[in-house]
Amino acid sequence: MERLTSPPRLMIVSDLDDTMVDHHNDPENLSLLRFSSLWEEAFRHDSLLVFSTGRTLPMYKKLRKERPMLTPDVIITSVGTEIAYGKSMVTDGSWVEIMNHKWDRGIVEEETSKFPELTLQRDCDQRPNKVSFFIDKSKAQEVTKELYQRLEKRGLEIKIIFSGGKALDVLPKGGGKGQALAYLLNKLKAEGRLPVNTLVCGDSGNDTELFTIPNVYGVMVRNSQEELLEWYAENAKDNAKIIHASERCVGGILEAIGHFELGPNLSPRDVSDLFECKEDNVNPGHEVVMFFLFYERWRRGEVENCDAYIASLKASCHPAAVFVHPSGAEKSLIDTIDELGKYHGDKKDKKFRVWTDQVLATETTHGTWMVKLDKWEQTGNERKCCTTTVRFISKENEGLVWENVQQTWSEESEMKNDSNWII
């Protein structure tokens with residue numbers, strides 16, 4: 001979060017499973033990719049992205065390897081009991097101390113073992129401050145009431161959350177997604193960086209607390225669980241700042257951005273002619289996102305094999321522009337784009353996708369911009385990632401001119417071979 005020195009224009013706080021990530025209707029992750037390109041093109045430079053999930057940190061990392069996920073500024077895991085920051089996922093030690101207040105996992109395990117209605121979830125779903133079970137929906141209310149009483153008698157201060165129609169989590173009283181968000185907002189306020197607007201997004205019972213935080217906008221996606229919709233009907237139906245979207249998952253998030261006028265909500269992936277999509281102001285991040293989206297469509301054969309496209313790309317390059325391949329080999333950037341012409345449609349029907357992550361632009365001197373990003377390619381189940389740096393110069397009447405592109409293999413890249421890596 002240190003990259004922002006002033007209040008973020010927008011902070012999106014989103015659940016993952018069946019909110020940001022559509023597990024049931026989107027096998028090719030198109031909705032997730034739609035959000036990713038919009039976020040990197042229009043929001044990353046001055047906004048914050050927070051994922052708030054019931055998943056444990058190891059299960060979140062597993063999801064990152066399975067889906068084309070962006071890197072959030074903050075990751076809240078284990079139903080709001082753990083908070084970490086940035087790409088390195090640095091743990092918030094102060095939050096750990098809060099979670100340990102009047103909490104004893106051993107006592108929780110002892111008391112919950114007396115309830116045959118509770119079935120312990122997998123080891124990978126358990127954490128120091130979260131004990132997770134499955135329970136029949138019809139038994140949840142009764143067990144919750146009695147369990148509260150027993151644990152309070154043992155001197156603990158706890159919270160029990162039922163979600164997804166079957167999951168029951170026992171947490172410290174100070175835990176939960178809402179409490180974690182309130183803590184984060186207070187932290188940002190103390191630093192003079194309270195977001196101008198905050199949008200919370202969810203689909204299930206463990207997201208309910210997010211919608212109770214004052215002065216935030218909220219969207220419950222169309223495919224929300226029954227327990228969240230019941231809460232909405234009883235508590236928030238007349239709250240103009242909370243909507244039940246007509247679109248599922250990411251579609252609902254984009255709908256809410258537009259409904260509440262929080263910023264642009266047309267994803268670059270929804271634009272048919274990328275060359276006609278021009279920014280009024282200098283926006284190097286926009287240029288990079290659009291170029292790599294065109295690159296994906298070119299190799300998938302989804303744009304016409306037209307010399308004019310290649311000529312337009314070459315015209316946006318400085319005559320002496322250089323491309324440094326991940327292998328370390330240097331060549332002319334114009335020659336590299338010429339070579340791209342030979343690869344039109346070579347990835348057709350091969351589940352090829354390209355996305356950008358952590359697109360950050362800096363004006364180093366007047367009229368010179370450096371853009372750093374992670375550029376990902378996926379073909380089938382094979383993924384590659386390069387840390388990419390692009391240098392632009394701004395010329396009057398010409399806009400941004402590509403002067404240098406340098407790539408190195410990322411530590412996150414599962415594959416680090418040069419085969420078929422063009423740019």
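For this chain, numbers begin at 1 and follow the sequence in order. The analysis underlying the following values was restricted to heavy atoms, covering all of them including side chains, and did not include hydrogens, waters or symmetry mates.
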Would you say K62 has more than 12 foreign heavy atoms packed within less than 6.0 Å of its NZ?
-> no
Residues, nucleotides or ligands: over 12 heavy atoms within 6.0 Å of K159 NZ | yes
N/O donor-acceptor pair under 3.5 Å between [X] side chain and [Y] backbone:
X	Y	value
D26	S31	yes
R300	F352	yes
H325	W421	yes
R64	L70	yes
W369	G285	no
E40	Q358	yes
R55	D17	no
K348	G301	no
H344	V303	yes
T368	T364	no

Heavy-atom pair with the smallest gap, counting every atom of [X] and [Y]:
X	Y	answer
S52	K177	O-NZ, 3.1 Å
A245	G252	CB-CA, 3.6 Å
F292	I423	CE2-O, 3.9 Å
D92	Y85	OD2-OH, 2.5 Å
D374	C385	CB-SG, 3.8 Å
L194	P7	O-CB, 3.2 Å

Decide side-chain contact (heavy atoms from CB on, under 4.5 Å) for N235 and F211; before the verdict, give the C-alpha distance in whole Å, the side-chain angles of both, and the deciding distance to 0.1 Å.
-> CA-CA 10 Å; N235 300 279; F211 299 97; over 6 Å; no
Would you say the side chain of [Y] lies within less than 4.5 Å of the side chain of [X], judging by non-hydrogen atoms?
X	Y	answer
P128	E82	yes
E330	V324	yes
V74	L48	no
T56	S78	yes
R297	L293	yes
F291	L313	yes
D18	S204	no
R269	E296	yes

When T19 is tested against each of T53, V250, D203, V219 for side chain to side chain contact (heavy atoms under 4.5 Å, CB included), which residue passes?
-> D203
Could you go step by step and tell me if V371 and L373 meet the side-chain contact (heavy atoms from CB on, under 4.5 Å) rule?
-> CA-CA 7 Å; V371 183; L373 65 141; 4.1 Å; yes
Could you go step by step and tell me if T379 and K384 meet the side-chain contact (heavy atoms from CB on, under 4.5 Å) rule?
-> CA-CA 9 Å; T379 304; K384 301 177 184 178; over 6 Å; no
Out of curiosity, [X] [atom1] to [Y] [atom2], how far, rounded to the nearest 0.5 Å?
X	Y	atom1	atom2	result
T198	L188	OG1	CG	8.5 Å
D169	T81	CG	OG1	9.0 Å
Q179	M99	CD	CE	7.5 Å
M220	L229	CE	CG	6.0 Å
Q121	K166	CD	NZ	8.5 Å
F51	D15	CZ	CG	10.5 Å

Is there any salt bridge (charged side-chain N to carboxylate O under 4.0 Å, His left out) pair reaching into residues 247-265, and which pairs are they, with sequence neighbours excluded?
-> D22-R248
Do [X] and [Y] have side-chain atoms, one donor and one acceptor, less than 3.5 Å apart?
X	Y	answer
S413	S410	no
H23	R67	yes
S37	S267	yes
R127	S132	no

Got a salt bridge between D357 and R44, using NZ or NE/NH1/NH2 to carboxylate O under 4.0 Å?
-> yes
Quick one: do D136 and K139 make a salt bridge, cutoff under 4.0 Å?
-> no
Should the ring pair W298 and F294 be called parallel, tilted or perpendicular, given that the plane angle runs from 0 to 90° and is split at 30 and 60?
-> tilted
How would you list all residue pairs meeting side-chain hydrogen bond (donor to acceptor under 3.5 Å, both in side chains) that involve residues 222-232, not counting sequence neighbours?
-> K137-E226
Chi angles and distances behind the salt bridge (charged side-chain N to carboxylate O under 4.0 Å, His left out) call for E403, K395 = CA-CA 12 Å; E403 194 175 55; K395 290 191 173 182; over 6 Å; no
Face-on cation placement of K241 at Y217 ring, 6.0 Å and 45° thresholds = yes
Check step by step if side-chain contact (heavy atoms from CB on, under 4.5 Å) holds for W355 and L32.
-> CA-CA 10 Å; W355 66 97; L32 192 56; over 6 Å; no
Determine the sole option in K375, Q407, K372 for which the side-chain hydrogen bond (donor to acceptor under 3.5 Å, both in side chains) test with T388 is passed.
-> Q407
